[in-house]
Amino acid sequence: MPPSCRPTRNLVKIKQSHGGSSSQARSVIDGLEADVVSLALWQDTDQLRKKGLIKDGWEERFPNRSLPYTSTIVFVVRNGNPKGIKDWPDLVKPGIEIITPDPKTSGNGKLAFLSAWGSVIAGGGTEEQAKEFVTQLYKQVPVLDAGARGATVTFAQKGLGDVHLTWENEAHLEVKENSDLEIVYPGVSILAEPHVAIVDSNVDRKKNREAAEAYLKFLYTPEGQEIIAKHYYRPTNADVIAKHRDRFKELKLFPITDIAKNWEDAQTKFFAEGAIFDSIRK
C-alpha cells in the first residue's frame, strides 16, 4: 500500500507500507497518511469509509469494482508432494499438518478459512458438513501465526507442516525462494478481491488527488496489467490474463456471496467474537 504519491514538479515520489490488511487499515485510521490503499479484504477498505476517510461509493470509482487484479488461495507442499495432497479433502487425512495464519488477525487466514468452508459448499455439502470439515482442519494446524509472513517463515524456513495455505502470488514467491517446495492447485478456491481506493481525506488535504488517481489508473493500462501478471496476481484484463494463462491455472473461484450475504455478513458469521471460528477452536 503506497501511503504517499506527492507530485514535485514532474516527479512523483512513492513510499510504501506493507503489512496485514487489518493492521494496515488500522494504521491509516490512526493517522498514517496514505493516499491510496490496496487491502486484502473488502471490509478493511470499507472501515476507512466508515471512519470518514473514504467517500461513499468508493467501490465504483475505478473499473471492475475497483479491482485491477484478483487472486486466490492455493497450497504449497514439500517437493514431490510426499503426502499426496491434491485437494481440500486431503488436508484432513491423518498425519497431515497444515500451516495457515490466524483468521482472527490475518486476511490470508480469513481467505484460507473461507476457501476451506466454501470447498464443501461448492461440492454440494451442507453448512454442518462445512463446519465439521474446518473443525477437523484446524485441529491439524500446529500453530496459528498472526500473519501471512509468519506462516511462510514457519513453513518454508522452519520446516514445520506438510502444506501451507497461502495467496497464489505468495506461493509462487515462496517456491521461487525455496527449491524444496512446489505448488498444488485445489479444484476450487475463493475469489480473493483486493480492491484499490483513494483515501479522500488525505489527498484532499495534501492536494495530490491527480497523482493518486493516476497511480491507480495506471494499474488498468496494458503495461500495468503486464506488471501485475509478472508478479502472479490475476489481471482483470481478459487479453492479458489469456496471454499468461500458463502461469494462472484455471480452477473454480467462488465469490464470498456463495457462503455469506456479503463481506460484512461473513465477518459476523465466521470471525466475530463467539462466531463459528471461535466455536470450532474451543
Side-chain angles (χ1 to χ4, degrees), residues 1-5 14 16-29 32-73 103 106-112 114-115 118 147-148 167-170 189-203 209 211-221 224-225 227-229 231-238 240-241 248 253-268 270-271:
M1 178 190 65
S4 178
C5 295
I14 298 175
Q16 300 186 27
S17 173
H18 298 274
S21 180
S22 297
S23 64
Q24 290 287 278
R26 173 52 56 187
S27 294
V28 176
I29 290 169
L32 181 66
E33 294 190 342
D35 299 315
V36 304
V37 293
S38 180
L39 303 176
L41 300 176
W42 179 91
Q43 71 262 32
D44 289 330
T45 304
D46 203 55
Q47 279 296 318
L48 304 183
R49 179 194 63 81
K50 291 178 178 178
K51 294 295 183 178
L53 301 175
I54 291 178
K55 295 176 183 177
D56 291 346
W58 64 266
E59 194 177 355
E60 303 306 324
R61 285 159 64 182
F62 291 96
N64 194 43
R65 295 175 41 248
S66 292
L67 284 166
Y69 47 86
T70 62
S71 191
T72 191
I73 295 293
S106 165
N108 184 156
K110 283 183 172 66
L111 290 168
L114 295 170
S115 293
W167 288 81
E168 180 178 33
N169 63 297
E170 290 286 342
S189 195
I190 195 166
L191 175 64
E193 297 184 319
H195 296 272
V196 297
I198 298 284
V199 184
D200 296 293
S201 62
N202 289 341
V203 299
R209 178 177 292 275
E213 288 184 345
Y215 178 86
L216 293 186
K217 288 177 180 178
F218 172 77
L219 299 176
Y220 292 91
T221 66
Q225 291 281 290
I227 294 171
I228 285 165
H231 293 281
Y232 294 98
Y233 288 97
R234 294 184 174 229
T236 51
N237 181 296
V240 176
I241 197 168
F248 297 113
L253 298 177
F254 64 86
I256 190 64
T257 49
D258 278 9
I259 56 175
K261 294 177 183 177
N262 50 41
W263 271 108
E264 286 186 311
D265 180 53
Q267 175 64 29
T268 301
F270 296 109
F271 308 119

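Side-chain atoms are counted along with the backbone in the values below, which use heavy atoms only and exclude waters and symmetry mates.
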Candidate pair Leu41 and Leu111, rule side-chain contact (heavy atoms from CB on, under 4.5 Å), full reasoning
CA-CA 9 Å; Leu41 300 176; Leu111 290 168; 4.0 Å; yes

What one should report as the nearest heavy-atom pair of Ala148 and Ser106 is N-OG, 3.9 Å

Please report the interatomic distance CZ(Arg61) to CG(Leu216), rounded to the nearest 0.5 Å.
9.5 Å

Separation between CD1 of Ile190 and OG of Ser71, rounded to the nearest 0.5 Å:
11.0 Å

Between Asp44 and Arg26, does any NZ, NE, NH1 or NH2 come within less than 4.0 Å of an OD or OE carboxylate oxygen?
no

Rounded to the nearest 0.5 angstrom, the CG-CG distance for Leu219 and Asn237 is 12.5 Å

Heavy-atom side-chain contact between Leu39 and Gln24 under 4.5 Å:
yes

Check: Ser189 side chain, Ile73 main-chain N or O, donor-acceptor pair, under 3.5 Å:
yes

At their closest point, which heavy atom of Arg209 faces which heavy atom of Lys55, and how far apart are they?
NH2-NZ, 4.1 Å

Listed partners of Phe62 passing ring pair (Phe, Tyr, Trp, His ring centres under 6.0 Å), at least two apart:
none

Return yes if some donor-acceptor pair links the side-chain N/O of Ser66 with the main-chain N/O of Trp58 below 3.5 Å, else return no.
yes

For a quick test of reading the model, state the closest non-hydrogen atom pair linking Pro235 to Ile241 and the distance between them.
O-CD1, 3.8 Å

Measuring from Ser38:OG to Tyr233:OH, what's the distance to the nearest 0.5 Å?
7.5 Å

Heavy-atom closest contact (Ala40 atom, Ser21 atom, distance)
N-OG, 3.2 Å

Donor-acceptor contact present, side-chain Tyr220 to main-chain Pro63, <3.5 Å:
yes

Enumerate donor-acceptor pairs with a distance under 3.5 Å from any side-chain N or O in residues 255-264 to protein atoms, sequence neighbours excluded.
| from | atom 1 | to | atom 2 | distance (Å) |
| --- | --- | --- | --- | --- |
| Asn262 | OD1 | Glu264 | N | 3.1 |
| Asn262 | OD1 | Asp265 | N | 2.8 |
| Glu264 | OE2 | Lys50 | NZ | 2.7 |

Please step through side-chain contact (heavy atoms from CB on, under 4.5 Å) for the pair Glu168 and Thr72, ending with a clear verdict.
CA-CA 6 Å; Glu168 180 178 33; Thr72 191; 4.1 Å; yes

Ignoring hydrogens and angles, tell me if any N or O in the side chain of His195 forms a donor-acceptor pair with the backbone of Arg65 under 3.5 Å.
yes

Quick check against the 3.5 Å criterion: does Gln225 have a side-chain atom that pairs as donor or acceptor with the backbone of Val240?
no

Would you indicate whether the side-chain heavy atoms of Phe270 and Lys110 approach each other to under 4.5 Å?
no

Taking atom CG of Leu67 and atom OH of Tyr69, what is their separation to the nearest 0.5 Å?
9.0 Å

Within the distance-only criterion (no hydrogens, no angle test), does the side chain of Thr70 pair as donor or acceptor with the backbone N or O of Glu193 below 3.5 angstrom?
no

Which heavy atom in Thr236 sits nearest to a heavy atom in Pro68, and how many Å separate them?
OG1-O, 3.1 Å

When you compare the side chain of Arg234 with that of Leu253, does any pair of heavy atoms fall below 4.5 Å?
yes

Say you draw a straight line from NE2 of His18 to OG of Ser23; how long is it, rounded to the nearest 0.5 Å?
12.5 Å

Using the test ring pair (Phe, Tyr, Trp, His ring centres under 6.0 Å), find all partners of Tyr232 that sit at least two apart in sequence or belong to another chain.
His172

Exactly one of Ile198, Val28, Leu48, Asn202 should register a side-chain contact (heavy atoms from CB on, under 4.5 Å) with Ile54. Which one does?
Leu48

